[in-house]
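The structure presented is a predicted model; accordingly, all values stated were derived computationally and were not measured. Side chains are part of it too, since the values below use all heavy atoms of this structure and drop only hydrogens, waters and symmetry mates. All residue numbers in this chain count up from 1 along the given sequence.
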Amino acid sequence: MEETSSLTNSIIQTINSIFQTLFSSIDNNIYKILDDLVFIDSDILNNSIFEKIFGTNTSNGLLIIANSLLIGFALYYGVRLLYSYYMNLQIEKPYQFIFKLLIFGIIMNCSFSICQQFLELNSFISQAIQSLGKHLFGYNISFSELILQLNKSISLGEAELNIFSFEGLIKGFISFGLFNLIFSYSLRFVLVKLFVLLTPFAILSLINQSTSWFFKTWFRTVLSLLLQQSLVAIILLLLFSINLSSTDIFSQLLCVGGMYALIRANSYMRSLIGGISTDVSNNLNIGSNLLKNI
């Protein structure tokens, strides 16, 4: 009986030690990266390779393709105009089309600078929320600061961590939940840069009414991806307002609710504005279902 009890205790201690090492590794390496992934600004575009792909002028990168399409739209309108005279159809006036062609052509070729300013404005909004939190609570509103405060209340020390306790379960949920955010916000980071590359084509689509839907979809998606960091900042602000205590189960449950809200932030923003999913687990499930149907 004593041997069984000793073996059980040894297994429990080993499991706790493994999880303690895992949680410590996540705490020390993950959260600073998560702050950099979530709270982005125009610095993500300051890359020579990215600028070359986008196009540094009208004769290289994706801009040369967009300007070629601009000429294509002009030729397409010319054909439609001749056809309308022949078939007696009503289309927009030539001066209206030329005006749109010039305006959207200029905006398209300045789209890189416009994206930079838009990213800076979005960053300013989230930074304002973070500054408000620092003024109210005296803490930097960030994931790295959040984990420091959570560890003071939930994990009291390496020897006291018990994954089979209520505090241990909460610690596990928080650590694995935020670890999941790394993949989600890594995907968001990539998607923001991808949709910046699509900006010239989105603006170009406004020239023709039949293609303007592309701009609307693009705009909702970009707006959803960018405003997500302001929503995250607000959720973090609420988490810092909770008076966490290792003996207060209610505050710990509120913290779990806040963590779940962070995980679901993208879904909430998509429900409000629209856009694209950055939930890695959902995307993996969709991908596996598609493979099953092949």
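Not a single side-chain hydrogen bond (donor to acceptor under 3.5 Å, both in side chains) links Gln130 to another residue, sequence neighbours left out. Judged as a side-chain hydrogen bond (donor to acceptor under 3.5 Å, both in side chains), and not counting sequence neighbours, Asp41 has no contacts. A search for salt bridge (charged side-chain N to carboxylate O under 4.0 Å, His left out) contacts involving Lys100 returns Glu92, not counting sequence neighbours. Residues passing the side-chain contact (heavy atoms from CB on, under 4.5 Å) test with Ser205 are Thr211, Phe214, Phe215, sequence neighbours excluded. For Asp43, there are no salt bridge (charged side-chain N to carboxylate O under 4.0 Å, His left out) partners at least two apart in sequence or on another chain. Shown here are the side-chain contact (heavy atoms from CB on, under 4.5 Å) partners of Thr217, two or more places apart in sequence or in another chain: Trp213, Arg220, Thr221. For Ser210, the side-chain hydrogen bond (donor to acceptor under 3.5 Å, both in side chains) partners are Asn208, not counting sequence neighbours.
In this structure, Asp35 contributes its side chain and Ser144 its backbone to a donor-acceptor pair below 3.5 Å.
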- Task: Evaluate the criterion side chain to side chain donor-acceptor pair (under 3.5 Å) for residue pair Glu145 and Asn140; output intermediate values, then yes/no.
- Result: CA-CA 6 Å; Glu145 182 65 33; Asn140 292 321; 4.9 Å; no
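No side-chain heavy atom of Pro200 sits under 4.5 Å from any side-chain heavy atom of Leu62. Side-chain contact between Met259 and Leu146 is present, with heavy atoms from C-beta onward closer than 4.5 Å. Phe99 is listed as a side-chain neighbour of Ile103, based on a closest heavy-atom distance under 4.5 Å. For the pair Ile276/Ser224, no side-chain contact is recorded, criterion being any heavy-atom separation below 4.5 Å from C-beta on. Counting heavy atoms from C-beta outward, Leu262 and Leu239 have side chains that approach closer than 4.5 Å. Side-chain atoms of Ile107 and Ile114, non-hydrogen and from C-beta on, do get closer than 4.5 Å to each other. Side-chain contact between Leu223 and Phe219 is present, with at least one heavy-atom pair separated by less than 4.5 Å. Side-chain contact between Asn67 and Met108: present, with at least one pair of heavy atoms (C-beta onward) separated by less than 4.5 Å.
For CD of Gln209, the number of neighbouring non-hydrogen atoms (other residues, nucleotides, ligands) closer than 6.0 Å is 12 at most.
Taking a 4.5 Å side-chain heavy-atom cut-off between Ile, Leu, Val, Met, Phe, Trp and Tyr, the cluster of Ile71 extends to Leu75.
Applying the ring-ring contact (aromatic ring centres under 6.0 Å, His included) test to pairs two or more places apart or on separate chains, those with a residue in residues 125-151 are Tyr139-Phe240. Each salt bridge (Lys or Arg N to Asp or Glu O under 4.0 Å) pair with one or both residues in residues 63-85, not counting sequence neighbours, would appear here, but there are none. Counting only residues at least two apart or in different chains, ring-ring contact (aromatic ring centres under 6.0 Å, His included) contacts with residues 42-79 comprise Phe54-Phe112, Tyr77-Phe97.
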Give the table of side-chain donor-acceptor pairs shorter than 3.5 Å for residues 117-124, with sequence neighbours excluded, one pair per line with atom names and distance.
{"residue": "Glu120", "atom": "OE2", "partner": "Ser42", "partner atom": "N", "Å": "3.3"}
{"residue": "Glu120", "atom": "OE2", "partner": "Ser42", "partner atom": "OG", "Å": "2.4"}
{"residue": "Asn122", "atom": "ND2", "partner": "Leu226", "partner atom": "O", "Å": "3.1"}
{"residue": "Asn122", "atom": "ND2", "partner": "Gln229", "partner atom": "OE1", "Å": "3.4"}
{"residue": "Ser123", "atom": "OG", "partner": "Gln127", "partner atom": "NE2", "Å": "3.2"}

